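Down below is the structure, laid out as structure tokens.
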Amino acid sequence: MKVYITYRIPEAGLKKLEGKCDVSLNEEDELLSKGELSDRVTDADALICLLGDRIDRDIINAGRKLRVISNFAVGYNNIDVDYATRQGIMVTNTPGVLTDTTADLTWALIMAVARRTVEGDSFMRSGKFSGWKPELMLGSDIHGSTLGIIGFGRIGQAVARRASGFNMQVLYCSSKPVSREAALASRATYVELDTLLSRSDFVTLHVPLTDSTYHLIDENKLFLMKPTACLINTSRGPVVDERALVKSLHERKIAGAALDVYENEPALSPGLTELSNVVLTPHVGSATHQTRNRMSEMVAENVVAVLSGENPPNLVNKELLRQKPAQA
Ligand code: GLV
């Protein structure tokens with residue numbers, strides 16, 4: 001069985017495929033173009049791909065033998081899942097394992113933007129520090145402030161749990177309120193989106209990218225935020241209208257932003273890098289040795305399961321679950 005991997009993944013996953021499948025891999029340090037991807041998938045039974053690979057109808061049609069598309073990510077907005085399902089191709093992802101790692105990075109960004117640590121670091125390196133001053137590089141308190149979490153799945157709830165150490169009030173909104181137990185465990189209160197935006201000091205995004213979350217945070221929504229508030233995004237770039245965000249930061253309609261994801265990754269909207277009130281990281285929410293190794297194992301486990309005729313542990317298109325034969 002042939003497996004094609006669109007970009008080098010940690011060794012842990014490759015080991016799991018060894019001896020079980022015939023693996024080919026893009027060895028270049030760049031993502032494949034659509035044409036290259038389409039050529040390389042033609043004789044593959046399984047495809048392991050990254051969130052930057054667009055797996056649209058053309059690629060799915062080119063992969064005539066494909067049985068599984070195994071995404072090295074929890075989000076799968078890069079894949080036309082409906083079309084894959086209609087072709088009977090299983091789509092898998094890597095949920096759970098990156099929840100805490102991504103929540104940790106969200107907190108790194110909250111702290112960086114609130115306390116201006118990145119600006120402080122550049123300030124020191126450029127030799128500008130001439131001694132302690134009462135009003136040097138003032139930031140905002142995190143403790144005692146209000147955290148607004150948009151999207152309250154696994155990652156949103158993990159972000160909320162970390163807020164209790166900072167004695168924060170936690171608000172959340174999501175398509176529907178979570179169970180009483182989940183809300184109690186994270187000490188979070190459900191509110192409507194506009195209320196959350198107008199009351200929070202830190203607004204953090206944890207929704208998947210879908211038609212209904214595209215540009216969820218646009219100019220009007222940014223306008224509802226406090227002028228002292230900061231926006232944090234570790235979900236997907238297109239959830240925010242990035243041009244509107246640059247404008248709002250430039251005009252100081254909001255105080256700051258910390259972004260790990262971008263609307264047109266890897267490109268950035270004009271003006272974003274010139275702003276001092278924004279912290280930018282290169283889509284590294286799940287980027288720890290432990291988590292990336294585990295994700296690598298998971299993409300391999302999903303492939304091996306499907307190619308052995310079993311249900312993969314992390315099937316996205318559950319319609320394709322194979323029924324176990326009834327016991328005699
Ligand atoms: C990363 O962004 C992921 O979806 O895993």
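What's counted below: heavy atoms across the whole structure, side chains too, no hydrogens, waters or symmetry copies. In listed order, ligands and their atoms are each counted from 1. In this text the structure is predicted, and so the values were computed from the model without any measurement.
- For Trp107 and Phe202, the ring centers are positioned 6.0 Å apart or more.
- In terms of protein heavy-atom proximity, atom 4 (O) of ligand 1 is closest to Arg236 NH2, 2.7 Å.
- Salt-bridge annotation for Lys34 and Asp56: present, with a side-chain N of the basic residue lying under 4.0 Å from a carboxylate O of the acidic one.
- Taking every non-hydrogen atom of Ala73 and a distance limit under 4.0 Å, the qualifying atoms of ligand 1 come out as 3 (C), 4 (O), 5 (O).
- Contacts with ligand 1 closer than 4.0 Å are made by side-chain heavy atoms of Leu98 only, the backbone lying farther away.
- Residues Ala12 and Ser296 share a closest heavy-atom pair of C-OG, 4.3 Å.
- The minimum heavy-atom distance between Tyr172 and Pro177, with the atom names listed, is OH-CA, 3.4 Å.
- Among the atoms of Gly75, some N or O lies under 3.5 angstrom from an N or O of ligand 1.
- Salt bridge Lys15/Glu18: absent, no basic N to carboxylate O contact under 4.0 Å.
- Comment: Asp104 engages Arg162 in a salt bridge, judged by a side-chain N to carboxylate O separation of less than 4.0 angstrom.
- For the pair His283 and ligand 1, the shortest N or O to N or O distance falls below 3.5 Å.
- Under 4.0 angstrom from ligand 1, the non-hydrogen atoms of Leu51 all belong to its side chain.
- Scanning all protein heavy atoms for the shortest distance to atom 5 (O) of ligand 1 gives Val74 N, 2.8 Å.
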